[in-house]
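Take a look at the structure below.
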Number of protein chains: 2
Amino acid sequence: MPRIPHPNFHCAAGCTVEATLTLIGGKWKGVILYRLLTEQVLRFNELRRLLPNITQRMLTHQLRELEGDGLIARKVYPEVPPKVEYRLTDYGQTLAPVIHALKAWGDAHVDRHTAAVPSATVVPRIQP
Amino acid sequence: MPRIPHPNFHCAAGCTVEATLTLIGGKWKGVILYRLLTEQVLRFNELRRLLPNITQRMLTHQLRELEGDGLIARKVYPEVPPKVEYRLTDYGQTLAPVIHALKAWGDAHVDRHTAAVPSATVVPRIQP
DNA sequence: CTGCATCCTATAAGATACTG
DNA sequence: CAGTATCTTATAGGATGCAG
């Protein structure tokens, strides 16, 4: 069940832009891919900790889609308690330039939209 | 109403990837931006022709969001019949590397997902 | 620990008709 | 030509509980 839009409609110029976005455009896929890109290999709960607001259900779901698209690999260790590792496939690795482009632009420009969250500054703390 | 996710939650590493995706991740925004990137300036109905499957409502909606995010500019000519031109803003132009990265990856890899739609080959025709 | 099943809500997207 | 308005459907996303 590939989710690439309407492949038989003679993918017009620019359509491949959307195709790529369809693959990585889920609410969490970008971060997941980015984390796997930098950390190489991560277990389920490690990913969960790195994505503080994601629900278990969504993490599983997004991982399964990425796996189904061949971008990540899932390795199950038949132990108890269970242990599952996720990493990028070679194919997934080819997304590196895309992810980095997205991150670079975001780093440079999101402050325009978030009304200045000064990343190089001390995080404002709530005083106890 | 910026749609960047949870800016006050101390945007963790990789979060900006999602932020960028939120801006350009609509079903049609990628193509719209790509078209404006290559054609410079386009009228409403020109965009509509370039995006054969988009509805009028969605085109308007996506254009308004892109405009609200400062990525494109809308120029209305007070004529009759009406004439409206869309183009990228300088800010929108900064997305060029991102869009090109998305397109390059898509061009190189979507055939994996669309089960070979040979773009350099003659389109298979239904015989009349 | 990892994950599936169920139920539910919010948002995106589409169809269609009408207008300055 | 370039929209708006209304209604409907589809999909994404979330909360919670159970299980190997």
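Residue numbers begin at 1 in each chain, while the letters A, B, ... track the order of the sequences.
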Separation of Glu39(B) CD from Leu50(B) CG (nearest 0.5 Å): 6.0 Å
Rounded interatomic separation in angstrom, taking CG from Leu47(B) and P from dG3(D): 10 Å
Nucleotide of dT4(D), dG14(D), dG3(C) approaching Arg64(A) most closely (side-chain heavy atoms): dG3(C)
Side chains of Leu37(B) and Leu33(B) in contact at under 4.5 Å (non-hydrogen atoms): no
Length of the CG-P vector between Leu59(A) and dA15(D), whole Å: 14 Å
side-chain N/O Lys27(A) vs dT11(C) OP1/OP2, d < 4.0 Å: no
Closest-nucleotide 5' rank along DNA chain D - winner of Arg49(B) and Gly25(A): Arg49(B)
Common cluster, Leu95(B)/Tyr91(B), ILVMFWY with side-chain heavy-atom separation under 4.5 Å: yes
Shortest side-chain distance from Pro82(B), nucleotide among dG3(C), dA13(C), dG20(C): dG20(C)
Point-to-point distance, once rounded to the nearest 0.5 Å, from CG of Asn45(B) to CZ of Arg48(B): 5.0 Å
Glu85(B) CD - dA2(D) C1' separation (whole Å): 13 Å
From dC1(C), dG14(C), dG3(D), nucleotide with atom closest to Arg43(A) side chain: dC1(C)
Earlier contact from the 5' end, DNA chain C, for Arg57(A) and Arg74(A): Arg74(A)
Tyr86(B) side chain near dC1(D) phosphate (N/O to OP1/OP2, under 4.0 Å): no
Minimum-distance nucleotide (side-chain atoms of Met58(A) versus dG14(C), dT2(C), dG14(D)): dG14(D)
Salt-bridge criterion met for Arg64(A) and Glu67(A) (N-O under 4.0 Å): yes
Whole angstrom value for the distance that separates P of dG13(D) from CG of Leu21(B): 11 Å
Pairwise 5' ranking along DNA chain C for Gln62(B) and Gln56(B), keeping only the more 5' one: Gln62(B)
Side chains of Glu65(A) and Lys29(A) in contact at under 4.5 Å (non-hydrogen atoms): yes
Atom pair CZ (Arg87(A)) and CD1 (Ile72(A)), whose distance is rounded to the nearest 0.5 Å: 11.0 Å
Nearest-Å distance for atom pair NE2/C1', residues His61(A) and dA12(D): 8 Å
Protein-nucleotide distance (Ile54(B), atom CD1; dG14(C), atom P), rounded to Å: 8 Å
Bend angle of the helix from dC1(C)-dG20(D) to dG20(C)-dC1(D), end axes from five pairs each (to 10°): 50°
Inter-residue atom distance His100(A).NE2 - Tyr34(A).OH, 0.5 Å rounding: 6.5 Å
Selection from dG14(D), dA13(C), dA2(D) that lies nearest to any side-chain heavy atom of Asn45(B): dA2(D)
Nearest-Å distance for atom pair NZ/C1', residues Lys83(A) and dG20(D): 19 Å
Between P of dT4(D) and CZ of Arg48(B), the distance in whole Å: 13 Å
